[in-house]
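Below is one structure, written out as structure tokens; the observations come after it.
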Amino acid sequence: TLLEKNGSVGGRMRSEEFGGTGLEGHRFDTGPSLLLFPEKYREAFAALGARLEDHVELRRVEPTAMRVHFAEDWSSLDLLYDSEAMRRQLEAVEPGAGQSYFRWLGEARASLDLGTEAFIETDSTSALDFVNPARIGKLAMAVNPIILLAPQTLQLAMHFKTEKVKALFSYHHLYVGLTPHNAPGVFSLLAATELTDGVWYPVGGFASVRDALLRIAESHGVEVRLGTEVSTITVDETHAPPSEASTLAMAAQALGAEGQALMQRRVRGVRLANGEVLRADVVVANPDLPYAYETLLAGQYEDVERESKGISEDMEYSCGMIEFCWALKQPMPELAQHNVFLGNDYVKAWERPATANDLRTRHSFNFYVHRPSYTDPSAVPPGEDNIMIEFPIANARERLPAAG
């Protein structure tokens, strides 16, 4: 059973068509707008006994994967799949950067090939995970571990001299909520997959991926209940029966007291906002983790408040976002599908505005613009265009002290 609070599934994965004069025929992806790692999508569909290609048409965003616009001199540089064209473009900006590009891309690709398994597909629960030889051994042999773990600005400075070229290969942090100054060098894997595997787009918008997964799930007998809000995940803290006592004792010795407490907790199901109770042996909760602990699990077991507080205090939250969806009467061919605009101060532009005064007094910001008609003309009426603008701002926690 899948319980969805909203009137449609998908969460943040949405393709919206707004009503109103001048908006007819315009489609906006208000959540995800670029598709990376298509093989992972294929694996997800295969796990459901289906082929991605039978349900979703993917198109490679080409020839320009991303266009970066610089306020410094009102110029633009493109991320191109064509290696020779990329080399010539870089040489025109910074002599020697073309050859440095190939060395940097080799390191970035190694980070992608070996770092995906070590860091992305495997959870990290401790800083020691990042120095565990069994986990990062192959990657450390291919790329200097200092480069992987130090800020990405250090890695890029080892290959490129100009701030413009360094910025070209570190804009990705704009849509993951980090900055080149606090993200580790291993994040170069994002640039590597864009340049070598490609950036992709699902024809019809990201709703086509959502709707395909919904159809397949329902074909397997999944009951989908829309407009169904979960208020509580019910949990019992039970003591193990005598038949399990010896097993539990061994587990406690191996895992410690916290591990023993986890083994004594059993999920029982969920309580809906209307009071209905549904029993379940397994509950998978998809909201943001702090909400799950602070709201859905509140009061359900002895240590939940301590765990919730630990999550709230220890975790760094990503950025907030202001989003604009603009329907345009004329095409904008000067924009690629994915565009990043970088402010003229390559350090301060990464500082997220926290107050209205920040917006009034500062003149250097970074933001992202999506133009889907570059790849999929069905997103707009003939002869028209549309863009979605994402403008990062401080998150709620950052805005509170700034407001005084």
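In this chain, numbering begins with 1 at the start of the sequence shown.
Other residues, nucleotides and ligands contribute at most 12 non-hydrogen atoms within 6.0 Å of the CD atom of Glu316. Within 6.0 Å of the CG atom in Asp281, the count of heavy atoms belonging to other residues, nucleotides or ligands does not exceed 12. Atom CD of Glu91 has more than 12 neighbouring heavy atoms from other residues, nucleotides or ligands inside a 6.0 Å radius. The environment of CD in Gln330 is sparse: at most 12 heavy-atom neighbours from other residues, nucleotides or ligands sit within 6.0 Å. Atom CZ of Arg14 is surrounded by more than 12 heavy atoms from other residues, nucleotides or ligands within 6.0 Å. By the neighbour-count criterion of 12 heavy atoms within 6.0 Å, atom CD of Glu302 is sparsely surrounded, having that number or fewer from other residues, nucleotides or ligands.
With values rounded to the nearest 0.5 angstrom, Ile311 atom CD1 is found 14.5 Å from Tyr291 atom OH. From Ser373, atom OG reaches atom CZ of Arg27 across 10.0 Å, with rounding to the nearest 0.5 Å. Distance CG/Leu23 to CZ/Phe28: 6.5 Å, rounded to 0.5 Å. We find the CG-CG distance between Leu342 and Leu168 to be 9.0 Å, quoted to the nearest 0.5 Å. Note that OH of Tyr293 is 10.0 Å distant from CZ of Arg306, once rounded to the nearest 0.5 Å. The NE2 atom of His172 sits 11.5 Å away from atom CZ of Phe187, with the distance rounded to the nearest 0.5 Å.
Between Arg265 and Glu307 there is a salt bridge, with a side-chain nitrogen of the basic residue lying less than 4.0 Å from a carboxylate oxygen of the acidic one. Between Asp82 and Arg88, none of the side-chain N atoms (NZ, or NE/NH1/NH2) sits under 4.0 Å from a carboxylate O, so this pair counts as no salt bridge. Salt bridge annotation for Asp73-Lys164: present, with a cationic side-chain nitrogen under 4.0 angstrom from a carboxylate oxygen.
For Arg279 (side chain) and Gly269 (main-chain N/O), no donor-acceptor pair under 3.5 Å exists by modelled atom type. Side chain of Ser364 to backbone of Asp345: a donor-acceptor contact under 3.5 angstrom is found. Here the side chain of Ser75 pairs no donor or acceptor atom with the backbone of Phe70 at under 3.5 angstrom. Judged purely by atom type and a 3.5 angstrom limit, Arg210 has no side-chain atom pairing as donor or acceptor with the backbone of Ser15. Judged by distance alone, the side chain of Ser219 and the main-chain N or O of Ile216 form a donor-acceptor pair under 3.5 Å. The main-chain N or O of Asn395 is found under 3.5 Å from a side-chain atom of Glu398 such that the two form a donor-acceptor pair. For Arg397 (side chain) and Tyr317 (main-chain N/O), no donor-acceptor pair under 3.5 Å exists by modelled atom type. Of the possible donor and acceptor atoms, one in the side chain of Thr228 sits under 3.5 Å from a partner among the backbone N and O of Leu226. Not a single donor-acceptor pair under 3.5 Å links the side chain of Glu4 to the backbone N or O of Val9. Of the possible polar contacts, none joining the Thr1 side chain to the Glu223 backbone as a donor-acceptor pair under 3.5 Å is found.
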Can you list the steps and then say if Cys325 with Glu16 is a side chain to side chain contact (heavy atoms under 4.5 Å, CB included)?
CA-CA 10 Å; Cys325 296; Glu16 301 285 4; over 6 Å; no
Assess the residue pair Leu335 and Asp385 against the criterion (side chain to side chain contact (heavy atoms under 4.5 Å, CB included)); give the C-alpha distance rounded to whole Å, side-chain angles, the decisive distance to 0.1 Å, and a yes or no.
CA-CA 11 Å; Leu335 293 178; Asp385 218 334; over 6 Å; no
Side chain to side chain contact (heavy atoms under 4.5 Å, CB included) between Val224 and Glu218, worked out
CA-CA 8 Å; Val224 179; Glu218 290 182 324; 4.0 Å; yes
Go through Gln152 and His173 one step at a time and tell me if the side chain to side chain contact (heavy atoms under 4.5 Å, CB included) criterion holds.
CA-CA 10 Å; Gln152 193 180 28; His173 306 299; 2.4 Å; yes
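Checked against a 6.0 Å centroid threshold, the rings of Phe365 and Phe391 count as neighbours. Between Phe169 and Phe160, the ring centre distance stays below 6.0 Å.
With contacts defined as side-chain heavy-atom distances shorter than 4.5 Å, the pair Leu3/Leu278 qualifies. Looking at heavy atoms from C-beta onward, Phe45 lies in side-chain contact with Val56 at the 4.5 angstrom threshold. With a 4.5 Å cut-off on side-chain heavy atoms, His159 and Glu107 count as touching. In this structure, Tyr101 and Leu195 have side chains that are in contact, with non-hydrogen atoms separated by less than 4.5 Å. Proximity of Pro180 to Leu156: side-chain heavy atoms (C-beta onward) are nowhere separated by under 4.5 Å.
For the pair Val203 and Ser208, the tightest heavy-atom approach, listed with the atom from each and the gap, is O-OG, 3.4 Å. Nearest approach of Leu296 to Val230, heavy atoms of both residues: CD2-O, 3.4 Å. In plain terms, the two heavy atoms of Ser76 and His69 that are nearest each other are OG-ND1, 2.9 Å. The heavy-atom pair separating Trp200 from Asp197 by the smallest distance is NE1-O, 3.1 Å. Pairing each heavy atom of Thr30 with each of Glu390, the nearest pair is O-OE2, 4.4 Å. Asp376 and Gly204 get closest at one heavy-atom pair: OD2-N, 2.8 Å.
Cation-pi geometry between Arg60 and Tyr81 is met: the NZ or CZ atom falls under 6.0 Å from the ring centre, inside 45° of the normal.
In this structure, His370 and Tyr368 have parallel ring planes: the angle between them is below the 30° cut-off, well short of the 60° mark. The aromatic rings of Tyr201 and Phe206 sit perpendicular to each other, their planes meeting at more than 60°, with 30° as the lower class boundary.
Thr375 and Gln337 share a donor-acceptor pair across their side chains, judged by distance under 3.5 Å alone.
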